[in-house]
Participant: 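Let me give you the structure first, and then I'll get to my questions.
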Amino acid sequence: MSIPSVDLDTLRHSAAHLMAAAVVELFPGAEYGIGPSIEDGFYYDFLLPGEARFTDEDLPRIEARMRDIQARHTPYERSELSRDQALEEFRRLQQRFKVELIERIPKDEIISCYRTGDFFDLCRGPHVTEAGAIPAFALLHPAGAYWHGDETQPMLQRIYGTAWGSQADLDAYLERLEMARQRDHRRVGRELDMFSLSEELGGGLVLWHPNGATVRTVIEDYWRREHRRRGYKLVYTPHVAREHLWEVSGHLGFFAEEMYGPMEVEGDRYRIKPMSCPFHILIYKSRQRSYRELPLRLAELASVYRFQRSGTLHGLLRVRGFTQDDAHIFCTEEQAEPEVAGVLDLVREMMGRFGFHELEIDLSTRPAKAAGEDRMWELAEAALERAVKSRGMEFQVNPGEGAFYGPKVDVHIRDAMGRRWQCATVQFDFNEPERFDLEYIGDDGAPHRPIMVHRTLLGSLERFFGVLLEHYAGALPVWLSPVQVQLVPVSDDQLGYSQQLVEELEDAGFRAEVYDRPGRQLNAKIRDGQLAKVPYLAVVGRREVEAGTVHLRDTRSGAQVALTKDELLDRLRVETRPS
RNA sequence: GCCGACGUAGCUCAGUGGUAGAGCAGCGGUUUCGUAAACCGCUGGCCGGGAGUUCGAAUCUCCCCGUCGGCUCCA
């Protein structure tokens, strides 16, 4: 990596201005919104005269004009204006969005602006000194974006670009984008025959093929084992419930837009469940509860259905039918902190097992409009913060970003490409216990309201599986692979021996199969195994049959080694053992 | 839902007004092979759907559906 003379944020922000300068030259009368630097690049939003839109063809033109401006060594000139001067200037320029931004700036603040050629912008800076000082950039794609991200506001035309300290860095970034495309879970999922989505089925609904289903089963088995070990009680609940239940829970009030419409059964209306909490609450309420039973942790791998707008669906990462690894913890006030800490421990252990070791935590606190008493919010926020600190985890506070019914922590993971994914979440709920009038009998013989915590670790199995596929680029670790060992006979003479080995491997609890296309050449068989990302190929020819061994190829490294059957079993046991 | 792009064989893609193509996959045959693609042949398409323009539409126009990149929201 070369070291740029200015930091990348400045470079990218200046690139955004350079792009805007090119746009105002090419599209006189364009209004502009905001143009920040973002992770790996920048964007700028415009409103083009006469409702014009950017198309893909416009980008090369704009890019060429940016290079013209660079060749002129157009400077970035800073000026400072009073608020009134700035307002007057941007009104004169007919830049309504800038006027709006200035109106939000406190009265006494000095306002700085930058000029780059024809482009004059409200901007805090800093910037490079001149346009030629941006070593490498590229425009990526146009997009629509609402002003302030609000769909009641005008839709602006956004252009995304990227800028780097050197051409080599830019090339490396573009290569990284291509690599990300190569490991896109939708592509990998098709190549490895893991899952599919079907127009005939409907948007956002997932078909798990045998390979994907095998992986899912392994994940579920592991998940159930860990939950039992930690004192969770596993439950099953139905997919639909009377609409009345959703009225009591409040979901029809605040979640109705995301719920599928009602269906009528014998004059009663039913709804498909978008969440499991009311069901778990009914289990809690099925009899009187004692403080001796708390904490009560009810867990379920629950398929839920939520309506999502068609434009937001995305492979497995954003679907309409998904499986939450859900749990609800009912506990006393004193138990809240240790329970949250226990969830965090479980998150860390499970994510580590799946190969995610970097966790980032967001703590979201009370929003302006909130249900529940102040005392409960303070108690819950303190419990969350102390639990996170007690585990030595770094966290960031998002003030006012909590749900109306309670504060929460969200846990994000970073994948092999450095991308951030939200998975686990732990949320307090002061709303539903109230609505369902939950109680337990305390050691004082009197009824008390329990604390209720919603939590999920993987988030949804669909999304988590998509993230896993991208993280490993489809080459799942041995314990998760649909096929762990493929027996590859050199010629058909070794089919019998191969089949016998498969049976021994399966008896030992491993997933093994024989390469099932007789007559192909060995090279082709190896290639098929490599492309299917089977972790181990056990080649057996005449020599191995005679010696009772296999010639094992590790498809990730290409390394080969001769092993006896027992050595093979040992190796698999070691590699699939929970670390 | 909104903005833009795209939709041709199972997959990846070529074909821009004149008889629908390639590679891979699939199927049949030959080959029985020592670590990333053997050889020969065959099948496969309402060119996303509908309407229009035209002597003639995969190709031009309009509408719809879907996918992709974004906006918003979120597991």
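The sequence lines fix the lettering, A, B, ..., with proteins before strands; numbering per chain opens at 1.
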Participant: With both distances kept under 3.5 Å, what pairs with B/C47, Watson-Crick or G-U wobble?
Facilitator: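 Pairing partner, where one exists within any strand: none, as none qualifies.
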Participant: Reckon A/Phe464 touches a base, only the sugar-phosphate, or nothing at all at heavy-atom distances under 4.0 Å?
Facilitator: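 Nothing, no heavy atom under 4.0 Å.
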Participant: Strictly under 4.0 angstrom, non-hydrogen atoms only: write out the protein contact profile of nucleotides 66-75 of chain B, one letter per nucleotide from the 5' end, B, S or -.
Facilitator: S-SBBBBBBB
Participant: Taking atom C1' of B/A25 as reference, at what distance in whole Å does atom CG of A/Asp193 sit?
Facilitator: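 Distance, rounded to whole Å: 13 Å.
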Participant: Any ion pair linking A/Arg297 and A/Glu339 (charged N to carboxylate O, less than 4.0 Å)?
Facilitator: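 Salt bridge: yes.
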Participant: What are the two closest heavy atoms between A/Ala380 and A/Phe430, and how far apart are they?
Facilitator: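 The answer is CB-CZ, 3.5 Å.
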Participant: My understanding is that only residues two or more places apart in sequence, or in another chain, count here; which of them pass side chain to side chain contact (heavy atoms under 4.5 Å, CB included) with A/Asp58?
Facilitator: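 Result, side chain to side chain contact (heavy atoms under 4.5 Å, CB included) vs A/Asp58: A/Phe27, A/Phe54, A/Thr55, A/Arg61, A/Ile62.
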Participant: What is the pairing partner of B/U54, taking Watson-Crick or G-U wobble pairs with both distances under 3.5 Å in any strand?
Facilitator: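 None - no nucleotide pairs with B/U54, as no candidate has both distances under 3.5 Å.
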Participant: Decide yes or no on salt bridge (Lys or Arg N to Asp or Glu O under 4.0 Å) for A/Glu100 and A/Arg96, but give the supporting numbers first.
Facilitator: CA-CA 6 Å; A/Glu100 188 187 321; A/Arg96 73 178 102 158; over 6 Å; no
Participant: Work out how far the P atom of B/G48 is from that of B/G10, and round it to whole angstrom.
Facilitator: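 So the two P atoms sit 12 Å from each other.
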Participant: I'd like to know if the side chain of A/Thr555 reaches the main chain of A/Val534, judged simply by a donor and an acceptor atom lying under 3.5 Å from each other, with no hydrogens or angles considered.
Facilitator: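 Yes; judged by distance alone, with no hydrogens or angles, the pair exists.
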Participant: Return the value, rounded to whole Å, for the distance between atom CG of A/Asp45 and atom P of B/G4.
Facilitator: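 A/Asp45 atom CG is separated from B/G4 atom P by 15 Å.
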Participant: Report the base-pairing partner of B/C13 (Watson-Crick or G-U wobble, both distances below 3.5 angstrom), or none.
Facilitator: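 B/C13 is paired, partner B/G21.
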Participant: Report all side-chain donor-acceptor pairs from residues 251-259 of chain A shorter than 3.5 Å, counting only partners two or more places apart or in another chain.
Facilitator:
{"from": "A/His251", "atom 1": "ND1", "to": "A/Ser249", "atom 2": "OG", "distance (Å)": "2.6"}

Participant: Using a strict threshold of under 4.0 Å (side-chain N to carboxylate O), is an ion pair present between A/Asp528 and A/Arg517?
Facilitator: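 Salt bridge flag = no for A/Asp528 with A/Arg517.
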Participant: Output side-chain donor-acceptor pairs under 3.5 Å for residues 400-412 of chain A, partner residues at least two apart or in another chain, one line each.
Facilitator:
{"from": "A/Tyr405", "atom 1": "OH", "to": "A/Gln427", "atom 2": "OE1", "distance (Å)": "2.6"}
{"from": "A/Lys408", "atom 1": "NZ", "to": "A/Asp410", "atom 2": "OD2", "distance (Å)": "3.4"}
{"from": "A/Asp410", "atom 1": "OD1", "to": "A/Gln422", "atom 2": "NE2", "distance (Å)": "3.4"}
{"from": "A/Asp410", "atom 1": "OD1", "to": "A/Thr425", "atom 2": "OG1", "distance (Å)": "2.8"}
{"from": "A/His412", "atom 1": "NE2", "to": "A/Asp362", "atom 2": "OD2", "distance (Å)": "3.4"}

Participant: Taking only Lys NZ, Arg NE, NH1 and NH2, and the carboxylate oxygens of Asp or Glu, determine whether A/Glu349 and A/Arg230 approach each other closer than 4.0 Å.
Facilitator: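 Here A/Glu349 pairs with A/Arg230 in a salt bridge, since their nearest N and O are under 4.0 Å apart.
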Participant: Can you tell me, in whole Å, how much space there is between the P of B/U31 and that of B/C24?
Facilitator: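 Here B/U31 and B/C24 have their P atoms 22 Å from each other.
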Participant: Counting only Watson-Crick or G-U wobble pairs whose two distances fall under 3.5 Å, which nucleotide matches B/C6?
Facilitator: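 Looking at the geometry, B/C6 pairs with B/G66.
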Participant: Do nucleotides 31-43 of chain B as a string where each nucleotide becomes B, S or -: B if the base has a protein heavy atom under 4.0 Å, S if just the sugar-phosphate does, - if no protein is that close.
Facilitator: BBBBBBBB-----
Participant: Between B/C60 and B/G7, how far is it from one P atom to the other, in whole Å?
Facilitator: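 Per the computed distance, 10 Å lies between those P atoms.
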Participant: Just name whichever nucleotide pairs with B/C74, Watson-Crick or G-U, keeping both distances under 3.5 Å, else none.
Facilitator: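 Across all strands, not a single nucleotide pairs with B/C74.
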Participant: Considering only atom C1', compute the distance from B/G23 to B/A5 and round it to an integer number of Å.
Facilitator: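 My reading of the C1' atoms in B/G23 and B/A5 gives 26 Å.
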Participant: Can you tell me the Watson-Crick or wobble partner of B/A38, both distances under 3.5 angstrom?
Facilitator: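 B/A38 is paired with B/U30.
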Participant: Under 3.5 Å, is there a donor-acceptor pair between the A/Asp326 and A/Thr456 side chains?
Facilitator: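 On atom types as modelled, these side chains do not qualify, holding no pair under 3.5 Å.
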Participant: Give me the distance, rounded to whole Å, that separates B/C27 from B/A20 when you measure between the C1' atoms they each carry.
Facilitator: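 To the nearest whole Å, 22 Å.
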Participant: Could you measure between the two P atoms, the one in B/A57 and the one in B/G4, and give it in whole Å?
Facilitator: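 Comparing P positions in B/A57 and B/G4 gives a spacing of 29 Å.
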Participant: Between A/Glu546 and A/Arg543 (salt bridge meaning N to carboxylate O under 4.0 Å), is one present in this structure?
Facilitator: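 Looking at A/Glu546 and A/Arg543, the cut-off is not met.
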Participant: Write down the protein N/O and nucleotide N/O pairs, taken from nucleotides 9-13 of chain B, whose separation is under 3.5 Å; answer none if there are no such pairs.
Facilitator:
{"from": "B/C11", "atom 1": "O3'", "to": "A/Arg190", "atom 2": "NH2", "distance (Å)": "3.4"}
{"from": "B/U12", "atom 1": "OP1", "to": "A/Arg190", "atom 2": "NH2", "distance (Å)": "3.2"}

Participant: Parallel, tilted or perpendicular: which one describes the rings of A/Tyr305 and A/His239, with boundaries at 30° and 60°?
Facilitator: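 Tilted.
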Participant: Using the P atom on both, measure B/C64 against B/G28 and round to a whole Å.
Facilitator: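 The same atom, P, in both gives a distance of 46 Å.
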Participant: Could you give the distance separating B/A37 and B/G26 at their P atoms, to the nearest angstrom?
Facilitator: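 It comes out at 16 Å once rounded to the nearest Å.
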